[in-house]
Every structure is written in C-alpha cells, then in structure tokens.
There are 2 protein chains.
Amino acid sequence: MPGKKKYYTESQEKMARYAKAIAHPARIYILDFLADNIDKCCYSGDMAEDIPIARSTLSEHLKELKKAGLIQGEINPPYIKYCINKENWEEAHQMFDAFFRKRL
Amino acid sequence: MPGKKKYYTESQEKMARYAKAIAHPARIYILDFLADNIDKCCYSGDMAEDIPIARSTLSEHLKELKKAGLIQGEINPPYIKYCINKENWEEAHQMFDAFFRKRL
DNA sequence: TTAGTATTTCGTAGAATTACGAAACAAAGA
DNA sequence: TCTTTGTTTCGTAATTCTACGAAATACTAA
C-alpha cells in the first residue's frame with residue numbers, strides 16, 4: 001500500500017471505470033440488446049447477427065463489460081447466456097445520477 | 001452521406017461520446033471541481049495546483065471536455081474561466097438516466 | 001471416438017489516448 | 001518596448017484500444 005499515492009478519490013476512479021466500459025457504441029448496443037430482450041436468453045451469436053463486427057471482436061467487448069461488472073455470463077452449453085449484473089448496474093446508475101445532479 | 005453506413009443509432013453514438021469524455025479520473029476531477037466552485041471563477045491554474053499532472057496535460061483534458069460539449073471556457077484575459085455547459089449537461093444527464101433506467 | 005456448434009483466446013497491426021516539457025500565444029503592466 | 005503571467009499548442013514517446021482471422025476450448029450428439 002505505501003508508495004502508491006492516490007490522487008483521485010475512489011469514487012472518481014470508479015466512475016471513470018464505468019464510463020469507460022460504456023464508452024463505445026458496440027458496448028452500448030450490447031446493453032441495449034440485453035435490455036430489449038430482458039426475458040429472453042441473450043447469446044453472443046444472436047447479437048453477432050445484427051452488428052457488423054467479427055465475433056471475436058464482439059467477444060472482446062463482452063469481456064470488457066464483464067470486467068467492468070456490468071454484465072454476467074451464465075454458461076448454458078454450448079451457449080452462454082448474458083444478462084445485466086443488476087447490483088453493479090444499480091450502483092453505476094446511482095453514481096452517474098449523483099454526478100450529473102450535483103451541478104444543476 | 002451515401003456510402004457511409006450507420007450500424008449504430010445516433011443515440012448510441014452520442015452516449016458513447018459523452019461516456020468517453022468522462023472516462024478518465026482527471027476529467028471527473030475537473031467536473032467535480034467546477035461543481036464545487038460553481039459560483040467562483042474556475043481557472044485552469046487553480047485546478048493544476050491540486051492535481052498531479054502537467055499543466056499542458058490538464059489543458060488537453062479541458063480541450064476534450066470542451067470538444068464533448070460538457071464545459072465551456074469564457075476568456076477573461078489572461079485567465080480563462082471554465083464552467084459547465086448546462087444545456088449539454090442536461091442532455092447527457094437525461095440520456096444516461098434513460099439508459100440506466102431502461103433495464104431495471 | 002469423431003464431428004459439429006458456440007464461443008473465446010491468441011497473434012498481430014493500426015489507430016487513438018495519455019503524458020511530458022519546450023515553445024508559442026495573448027494580454028497586462030512596467 | 002520588454003517582461004511577466006496564464007494558458008495552449010507542438011513534438012514525441014509509451015501505452016491502451018479496437019479489430020480481424022486463425023486456432024483453441026468446451027460441450028453435445030452421432
């Protein structure tokens with residue numbers, strides 16, 4: 001721990017991480033897709049058909065969103081069913097809301 | 001215009017741009033600073049004293065936020081007074097809110 | 001065991017981001 | 001005019017991001 005100076009608050013770092021996760025139209029597309037099909041199984045392949053990127057690229061975007069904690073994948077072989085991680089989603093929502101509300 | 005296929009919606013592209021603008025702790029710091037000093041003049045130099053980055057780097061971050069439309073600079077020589085661009089700020093707030101609210 | 005399906009990981013390349021210090025700018029004041 | 005002051009732009013380097021196709025993985029079914 002010592003030697004590692006913190007110049008930004010935990011909150012600022014966390015906000016930046018969440019913002020980065022959604023800072024790409026393909027990732028917004030993915031989250032929109034999950035929202036629009038909230039009761040269905042959302043597989044990587046379903047999304048790949050609508051979006052003009054290679055499947056491997058889509059997979060990397062899914063990995064980013066997973067790393068950020070915004071989605072989670074439930075293995076259902078040979079598929080993987082993706083969905084929103086509600087706990088972190090709610091946290092992000094509240095952080096962004098407080099952030100934007102603060103200066104109005 | 002023709003030849004330029006759109007794969008993502010305008011809204012998705014715009015969300016991604018706003019998210020990208022705030023996807024760095026230094027830029028969140030700047031926006032927090034502007035919020036905490038809403039009635040004061042906010043100069044680049046004031047922020048530079050609290051933040052461990054070169055002034056030129058800070059200036060680049062300010063440029064990014066300006067480009068995204070989230071802040072604006074009012075020239076008050078030899079200073080430049082920065083403040084939130086309320087119109088775009090409100091738009092971003094609403095977009096993020098709708099985005100997060102959609103899937104809960 | 002072999003073949004088939006859905007998905008991810010790997011290797012790689014090009015583009016974009018972040019950072020710094022030096023130099024340039026623009027305005028005020030001596 | 002020459003300095004000083006606050007800030008931005010430039011040149012550059014290191015890192016990160018985005019993208020692709022090929023190969024690997026993991027499981028099912030024949």
Side-chain angles (χ1 to χ4, degrees), chain A residues 4-8 12-13 15-31 33-34 37 40-68 70-83, chain B residues 4-8 12-13 15-31 33-34 37 40-68 70-83:
Chain A
K4 187 114 168 61
K5 293 241 186 80
K6 297 243 62 161
Y7 299 111
Y8 303 111
Q12 285 169 340
E13 303 264 16
M15 274 282 298
R17 275 196 300 275
Y18 278 134
K20 201 164 173 183
I22 60 178
H24 191 291
R27 295 199 286 272
I28 304 234
Y29 167 88
I30 291 167
L31 296 167
F33 187 95
L34 293 181
N37 298 281
K40 288 194 261 169
C41 298
C42 295
Y43 307 121
S44 174
D46 297 337
M47 301 186 240
E49 282 168 26
D50 288 0
I51 202 172
I53 59 179
R55 278 162 196 250
S56 55
T57 305
L58 174 58
S59 183
E60 308 268 21
H61 283 305
L62 288 166
K63 185 159 70 172
E64 282 302 304
L65 289 170
K66 242 185 297 179
K67 202 179 81 187
L70 291 175
I71 67 172
Q72 58 204 151
E74 182 188 313
I75 294 172
N76 189 5
Y79 302 94
I80 294 182
K81 176 182 170 179
Y82 283 101
C83 60
Chain B
K4 188 116 170 52
K5 293 241 186 80
K6 297 244 62 163
Y7 298 112
Y8 304 112
Q12 285 168 340
E13 303 264 16
M15 273 285 296
R17 274 195 302 274
Y18 278 135
K20 200 164 172 184
I22 60 177
H24 191 291
R27 296 198 284 270
I28 303 223
Y29 168 89
I30 291 167
L31 295 168
F33 187 95
L34 294 181
N37 298 282
K40 288 193 261 169
C41 296
C42 295
Y43 307 121
S44 174
D46 298 336
M47 300 185 240
E49 283 168 25
D50 288 0
I51 203 172
I53 57 178
R55 277 164 196 247
S56 56
T57 304
L58 173 58
S59 182
E60 307 268 23
H61 284 304
L62 289 166
K63 186 159 70 174
E64 281 303 304
L65 288 170
K66 243 185 298 182
K67 201 179 81 188
L70 291 175
I71 66 171
Q72 58 204 153
E74 181 188 313
I75 294 171
N76 189 6
Y79 302 93
I80 294 181
K81 174 181 170 179
Y82 283 102
C83 60

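As the structure is a prediction and not an experimental result, all values here were calculated from the model. Residue numbers start from 1 in every chain, and the chains themselves are labelled A, B, ... in the order their sequence lines are given, proteins ahead of strands.
In this structure, Glu60(B) reaches the bases: a heavy-atom distance under 4.0 Å links it to at least one base atom across the strands shown. Within 4.0 Å (heavy atoms only), Ser44(A) reaches sugar-phosphate atoms of the nucleic acid but no base atom. Contacts of Ile53(A) with the nucleic acid, taken as non-hydrogen atoms under 4.0 Å apart, involve only primed sugar atoms and P, OP1 or OP2.
Taking atom CD on Glu49(B) and atom C1' on dT5(D), their separation rounds to 13 Å, with Å as the unit. Atom CD1 in Ile51(A) sits roughly 13 Å away from atom P in dT18(D) (whole-Å rounding). Atom CD in Glu64(B) sits roughly 12 Å away from atom P in dT9(D) (whole-Å rounding). As a whole-Å value, the separation of Lys67(A) NZ from dT16(D) P is 10 Å. Distance CG (Asp46(B)) to C1' (dT5(D)): 14 Å, rounded to an integer number of Å. The interatomic distance linking Leu62(B) (CG) with dT18(C) (C1') rounds to 14 Å, in whole Å. Rounded to an integer number of Å, the gap from CG of Leu58(A) to C1' of dT18(D) is 13 Å. Separating the CZ atom of Arg17(B) from the P atom of dA16(C) is a distance of 15 Å, rounded to the nearest angstrom.
Side-chain nitrogen and oxygen atoms of Lys20(A) include at least one within less than 4.0 Å of the OP1 or OP2 phosphate oxygen of dC17(D). Within the 4.0 Å cut-off from OP1 or OP2 of dT8(D), not a single side-chain nitrogen or oxygen of Lys63(B) is found. Between dC20(C) and Arg55(B), no contact under 4.0 Å exists linking OP1 or OP2 to a side-chain N or O. Taking only side-chain nitrogens and oxygens, His24(A) comes nearer than 4.0 Å to OP1 or OP2 of dA19(D). Look at His61(A) and you won't find any side-chain N or O under 4.0 angstrom from OP1 or OP2 of dC17(D). For Thr57(A) and dC20(D), the shortest distance from a side-chain N or O to OP1 or OP2 is below 4.0 Å.
Residues Ile28(B) and Tyr8(A) have side chains not in contact (no heavy-atom distance under 4.5 Å, counting atoms from C-beta outward). Phe33(B) has its side chain within reach of Asp50(B): a pair of non-hydrogen atoms, C-beta onward, lies under 4.5 Å apart. Side-chain atoms of Lys81(B) and Tyr43(B), non-hydrogen and from C-beta on, do get closer than 4.5 Å to each other. Within the 4.5 Å cutoff, the side chain of Asn37(B) has no heavy atoms near those of the Asp46(B) side chain.
Residue Tyr43(A) places its side chain closer to dT7(C) than to any other of dT7(C), dT8(D), dT9(C). Distance from the side chain of Ser56(B) is smallest for dT9(D) among the nucleotides dT9(C), dT8(D), dT9(D). Relative to the side chain of Ile80(B), the nucleotides dG21(C), dT9(C), dT7(D) differ in distance, and dT7(D) lies closest. Minimum atom distance to the side chain of Ala54(A) is reached by dG21(D), of the listed dC17(D), dT8(C), dG21(D).
A donor-acceptor contact shorter than 3.5 Å is absent between the side chain of Arg27(A) and the backbone of Ala16(B).
Ring pair His24(B)/His61(B) is tilted by interplanar angle, where 30° to 60° counts as tilted.
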